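Note that the structure is a prediction, hence the values are computed from the model and not measured. In what follows, every chain begins at residue 1, and chains take the letters A, B, ... in the order their sequences are listed.
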Amino acid sequence: MSNISKTYEPQEIERTIYEEWERAGNFHTTADAAGQPYCIVIPPPNVTGQLHMGHALDETLQDILIRYHRMKGDNTLWMPGTDHAGIATQAKVEEQLRGEGTNRYELGREKFLERVWQWKETYGNRITYQLRTLGSSCDWERERFTMDKGCSAAVRKVFVQLYNEGLIYRGTRITNWCPKCNTALSDIEVEHETEQGHLWHLRYPFADGSGYIEVATTRPETMLGDTGVAVHPDDERYKNLVGKKIILPLVNREIPLFADSYVDKEFGTGAVKVTPAHDPNDFEMGLRNNLEQVKVINNDGTMVDGLGKYSGLDRYKCREVIVADLEAGGFLVKIENHEHAVGHCQRCHTTVEPLISKQWFVKMESLAAPAIEAVKSGELKFVPERFTKIYINWLENIRDWCISRQLWWGHQIPAWYCDDCGEMTVSETDVTECPHCHGKNLRRDEDVLDTWFSSGLWPFSTLGYPDDTPELKKFYPTSVLVTGYDIIFFWVARMVMMGLKFRGEVPFKHVFIHGLVRDELGRKMSKSLNNGVDPVEVIEKYGADSLRFMLITGNTPGNDLRFYWSKVESARNFANKIWNASRFLLMNLEGFDPTFKTTRDDLELADKWILSRLIYRVETVTDSIERFELGEAARQLYEFIWFEFCDYYIELTKARLYGSDAQAKATALFVLSTVLETSLRLLHPFMPFLTEIIRQKLPKVEGSIMLAKYPTVDEFADLISNDDNIGEFADLVLNIVKTVRNLKSELGIDSRKKVAVVLKITHKNCADMLKSHARYITDLAFAEPITFADEKPAHAMSNVIDGAEIYLPLEGLIDTDKEIARLTKELDKVRKGAASTAGKLNNERFLSKAPAEVVQAEREKLDAANEKISALEQRINQLENL
RNA sequence: GGGGUUGUAGCUCAGAUGGUUAGAGUGCCUCGUUGACAUCGAGGAGGUCACAGAUUCGAGUUCUGUCAGCCCCACCA
């Protein structure tokens, strides 16, 4: 045992332990296993992705909950899997093709998809392997993929049903288009950023030569597609001009001036050029006013053919040319600076172009209503609660969801078009013959579905849907969803809607929201800033337990946290502390009879104290986990293990361990073992590897800690009851210890050098107890000999605390004047406190309105303060008389 | 334009349902290597809890407003 290394070296150990766990099937469960079902579905990481800090946090939180519930005896399932991540994955393979001098169109759809699947086979395991290094106890035997057979079947079934119910439709609309990704996007895939732009004031001449009207625009290049100019119907400036014809500059097209109440009289000139093909508002106005839609921008962001010199120009280059030409033609009035919001593609950050195209949409209103209700009724709860507002607000203002993407990697839309009769057929099974005309000339819709469509089904598709599996029956609805606030709309809301629609129940009862992991400066970790810290690197250097502990300490639900290497080090030090406390125990355990069991009567006060503290921590840690306050639970564990167990209790056992009383030593070892073993189980969800390796070294312990019982208070029922006034006694002892240490330090005495101490005990309940256990003060404060006396030694350093006066008699070392000054300062402090307490007690309203126990506590406080005051006064008086 | 959130020790953050002298980590200062641990131990300095009001016997904690930062949502060209 003594050959255990002095520091904890996690690297090798972690890998070995994880392999053992997985080999033993510890992560796996079945629907018919015993216990209450407890299930979490993993937020599936992108199949080609790499682990980042956000994953590490997300995984850690889930693994803590999962391990806790598994130990509690619940039938616990953590369902893992990956997401096909349409655009991201396709982009990676396309990049690879570019390197080979080819592209997807040259390859063709079928060959291209083969390449993507190949890519998935090559890189798809990387992320799940990385999850393992964190210690994630996922049921890997059940691993799923959003494009596997089952998930694909679920997607088809859901799509067809929604279509048949009229909730999915195909329509020509103006949608967000990314010219770079070359696909339509949903509204939430567009990120708005305010940019410093310009407002160009243009002069549009009337056809009849009667002058001109001035319009203002942020996008002059779209003027090529203008098919009207709009003013507000009540705008006095323009009222008489409505109906006139305008000659569009540069194009020389005749367009109408019309009135539409959408126009804001106050903005710009009050007259808007209308480009129905390239602006969502103009599109609507165009529909209302029967305007022509003239498309001037291609899907790739260049100008269309037939525009003369402008054709083929990039939209921004075209803008420059147009402005120059307008200026040359005398049509440009002025250019103003103007700040406005511009939409960008979430994935590639290209400026989005609103374009008219035929796309598939989901009607959201009827799906959103139950999802709102589920939260309002409390069936689904957000942690922290404030996110319910954000969620509800979004759902209440929801618009139809564009679900078709012009990509190849994804779930291809199950719709077929008949070239013979022109009819469309939507079907769960592939269509080879047109059901309308029995023609065979069928073309399948080329588009694939938005990745989030399949993600939305994840909580039930992974459990077996569309089949009615035992897992689906047992584990749906799942218990909690753990995710970041950044994907509440993308994912959470859609899962709730789909879950309610297709299972009739919410997909999870709690949504546990966490924040983002930021860098040391509080910036978001990003590729472009290159400020990301690789969790794998942290694990290699410090171990997964340290990373996990670092990520949850000091963190509260929903709030962002910063990554600091010093915080990882602090967590590593904690792991090392536990390692060494265990090493200490194991060394002393050599030759000890492991079957020895102590009884309540053998326990001494220190044992009772640490057991009472342990019980308290079992309660608070459990309670904190249940409330999702994992940072608080971690703090409780840290305090207990480091301060109470290591700093005090272990020190107090040393006398017994090194002494000659075999029975006393056995008792100390028994309590040490019990408390350590229980602490390990309590800590296991947070630091799974360390707790496993240490517990395996303890005698009499069998099996993995993963499958051990989570500690409960009643485990200790026969060892300790709470009728002892142990807490009061401990407070007094620790207070005296602290005071002795302090006085020694002030005198410059080495903390480990023994000094004589005289104590005058004034505590009502604990005087005798303290006298018979003075050894505790000797052991913790290196105070020896300790004498109890009523008289006050004259030449001594001293202080007064609640329940005791402490003297360090040091003839010749004491500077009386300094002592008086120090004690006077102390006296002032106590008097101030006493005055404020007395103030409260003199307040009639405090006495009549505050709860009796609060008043009583104040009374006791005042008594104690008064005692202290008189003791200090006497002492000062005594010194002055020297 | 709406909504949210943050402001507590030099730094990073905890402080549920209002009730002792407001805590931790880290940094800093002083001391200490004989048997768990220097990835350690002992002691110490450091906070008018952003500001102003209100509610209350009592506010870091509840409410209102102000200031500062961050974030989300939003079709004013």
(request) To the nearest 0.5 angstrom, please state how far the OG1 atom of A/T227 sits from the CD1 atom of A/I255. (result) 7.0 Å
(request) For A/L586 and B/C37, give me the distance from atom CG to atom P, rounded to whole Å. (result) 13 Å
(request) Measure from CG on A/N559 to C1' on B/U12 and round the result to the nearest Å. (result) 13 Å
(message) Please classify the nucleic acid contact of A/E9 as base, sugar-phosphate, or nothing, using heavy-atom distances under 4.0 Å.
(response) nothing
(message) Counting the atoms with a prime plus P, OP1 and OP2 as sugar-phosphate, which does A/F267 contact under 4.0 Å by heavy atoms, base, sugar-phosphate, or nothing?
(response) base
(request) Indicate whether any N or O donor in one side chain lies under 3.5 Å from an N or O acceptor in the other, for A/H201 and A/E336. (result) yes
(message) Only pairs with both distances under 3.5 Å count, Watson-Crick or wobble alike; so what is the partner of B/G35 in this structure?
(response) none
(message) What is the separation between atom NE2 on A/H198 and atom P on B/A77, rounded to the nearest whole Å?
(response) 15 Å
(message) Less than 4.0 angstrom from a charged side-chain N to a carboxylate O is my criterion; do A/D260 and A/R288 meet it?
(response) yes
(request) Return the value, rounded to whole Å, for the distance between atom CH2 of A/W642 and atom P of B/A38. (result) 11 Å
(request) Ignoring backbone atoms, test whether A/T556 places a side-chain nitrogen or oxygen under 4.0 Å from the OP1 or OP2 oxygen of B/A14. (result) yes
(request) Could you tell me the separation between the NZ atom of A/K753 and the P atom of B/G32, rounded to a whole number of Å? (result) 13 Å
(message) Do A/Y204 and A/D226 pair up side chain to side chain, a donor and an acceptor below 3.5 Å, judged on atom types alone?
(response) yes
(message) Looking at B/G53, which nucleotide sits across from it as a Watson-Crick or G-U wobble partner, both distances under 3.5 angstrom, or is there none?
(response) B/C63
(request) Starting at atom CG of A/D750, determine the distance to atom C1' of B/U30, rounded to an integer number of angstrom. (result) 13 Å
(request) Give the rounded distance in Å between these two atoms: CG of A/N573 and C1' of B/G41. (result) 14 Å
(message) Over all strands shown, is A/S570 touching base, sugar-phosphate only, or nothing at heavy-atom distances under 4.0 angstrom?
(response) sugar-phosphate
(request) Can you spot which of A/E195, A/H192, A/E191 makes a side chain to side chain donor-acceptor pair (under 3.5 Å) with A/H344? (result) A/E195
(request) Any strand is fair game: report the nucleotide pairing with B/U5 by Watson-Crick or G-U wobble, both distances under 3.5 Å, or none. (result) B/G69
(message) Suppose we call a contact any N or O donor and acceptor under 3.5 Å apart; does that hold for the side chain of A/R572 and the base of B/U39?
(response) yes
(message) For a quick check, tell me whether the side chain of A/K840 and the base of B/C57 share a donor-acceptor pair closer than 3.5 Å.
(response) no
(message) Nearest to the A/K849 side chain among B/U56, B/C37, B/C75, which nucleotide is it?
(response) B/U56
(request) Name the pairing partner of B/U12, where a pair is Watson-Crick or G-U wobble with both distances under 3.5 Å, or state none. (result) B/A24
